[in-house]
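Since the model is a prediction, treat every value here as computed from it, not as a measurement. Residue numbering restarts at 1 for every chain, and letters A, B, ... go by the order of the sequence lines.
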Protein chains: 2
Amino acid sequence: MKSKKEIILDTALDLFAKKGYTATSTAKIAKQAGVSEGLIFRHFSNKDGLLNAIMELGKEKGQALFNLIQEFDTAKDQLRYILQIPFQIPIEEHSFWKLLYALKWQADSYDEEISSQLSVELVEIFKKLGYENCELEASYVMLLFDGMATSVLLKSHKDQKEIQQLILKKYNL
Amino acid sequence: MKSKKEIILDTALDLFAKKGYTATSTAKIAKQAGVSEGLIFRHFSNKDGLLNAIMELGKEKGQALFNLIQEFDTAKDQLRYILQIPFQIPIEEHSFWKLLYALKWQADSYDEEISSQLSVELVEIFKKLGYENCELEASYVMLLFDGMATSVLLKSHKDQKEIQQLILKKYNL
DNA sequence: TAGTTTTGTAAGTGATTACTCACTTATGAA
DNA sequence: TTCATAAGTGAGTAATCACTTACAAAACTA
């Protein structure tokens, strides 16, 4: 059984992802979570602290996805894995990724840490694959990665398998 | 000289793009614009009406960019033009596009009209270019387009010329 | 010039905001 | 049992929210 703290975290993530951070009041979170509003501030220093806790938990799950890159032996396999990450984001984690991507457009972004790490790994992969301008090709894939994630998180799900195939084909994977 | 109505529109766009729609109060808009808060509601029915007026003005400017597609004779020239649109968004229109992309992650999106039109044109272009699966290739370019725009609007400006070149090269343009 | 409309302001409105406070209840160790 | 701490509540707080009202200045029209 989930603790009330966990319920608050889940509910806040759900509402932040659906309605946006500023558009979600602590009163609404408390009501939907079935707890008193005061309890939110017992567990978290303030509304920002609640958001930070959510992003910290989500980042750990995201990190797990990226750590798997190293498990693949060849650069080709690693690239194939990276290019399909956006399409395999678990349903249960959709809210977190949606919130992460929505927050990118506000002042403070939470995704720089993760994305810069991915960028570094991509450069290494393209070096191994013998590409001319590895940094540039990595930047392109980062851009493609953002586009894929946006498509998965916002658009309909029907053509995604085909698009995924097309992208892998473009990199001879 | 700009009318106070125009100053309100400019100021609201600036703040909405920087801080987000819900995080920007009508009081802050009035203060930065140097007008009374009441004047906002004299010119616009409510805060949503103000946003709608901004998006309507911006959409016209955006439409002008897309209408230029038809000015090019060959499918190749049209595709070349489309692929560089995100890189040539005027500085003065950055706020509008940033707001448009930020709002995509909230409930109601304003960009479907524009993007669906672009999608249709891309399918036609790929038909003319003899591509196998034109709808799929168009979806891919739409996704790429989103990634490019995001990169231009949020990231540093230094590598963008090179990325633009790379993308054109990938389509033999 | 007189009358009408438009543009603008200052001071409000009730509702909602994030957050606090005093207090009660549950948990667990000695 | 006792005592300390953690978990939880409900009723507050001042500030801010979107929006309204009453009224004045300015601009247009006859």
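Listed in residue order, the members of residues 33-45 of chain A having a heavy atom less than 4.0 Å from DNA chain C are A:Glu37, A:Gly38, A:Phe41, A:Arg42. For DNA chain C, the neighbouring residues in residues 46-53 of chain A, judged by any heavy atom under 4.0 Å, are A:Asn46, A:Lys47.
Between A:Lys170 and B:Glu137 there is a salt bridge, with a side-chain nitrogen of the basic residue lying less than 4.0 Å from a carboxylate oxygen of the acidic one. Using a 4.0 Å cut-off between charged nitrogen and carboxylate oxygen, B:Lys5 and B:Asp10 do not count as a salt-bridge pair.
Going from atom OH of A:Tyr21 over to atom C1' of C:dA18 covers 9 Å, rounded to whole Å. Regarding A:Lys28, its NZ atom lies at a distance of 12 Å from the C1' atom of D:dC17, rounded to whole Å. Computed from coordinates, the B:Lys31 NZ to C:dG8 P distance equals 21 Å when rounded to whole Å. Rounded to a whole Å, the NZ atom of B:Lys2 is 18 Å from the P atom of C:dT7.
Taking the six-membered ring for Trp and thresholds of 30 and 60 degrees, B:Trp105 and A:Tyr101 have nearly parallel ring planes, at less than 30 degrees apart.
Between A:Lys2 and A:Glu6, the shortest heavy-atom distance links the atoms CA-OE1, 3.5 Å. Nearest heavy atom pair, residue A:Phe44 against residue A:Ala53, reads CE2-CB, 3.7 Å.
The number of heavy-atom neighbours closer than 6.0 Å to CD of B:Gln88, taken from other residues, nucleotides and ligands shown, is above 12.
Across all strands, A:Ser25 comes closer than 4.0 Å only to sugar-phosphate atoms, never to a base (heavy-atom distances). Contact annotation for B:Lys5: no contact, since no heavy-atom pair falls under 4.0 Å across all strands. The residue A:Thr24 sits close only to the backbone: its heavy atoms come under 4.0 Å of sugar-phosphate atoms, none of a base.
Side-chain N/O atoms of A:Glu135 and A:Tyr140 include no donor and acceptor closer than 3.5 Å. For the residue pair B:Gln32 and B:Asp14, a side-chain donor N or O sits within less than 3.5 Å of a side-chain acceptor on the partner.
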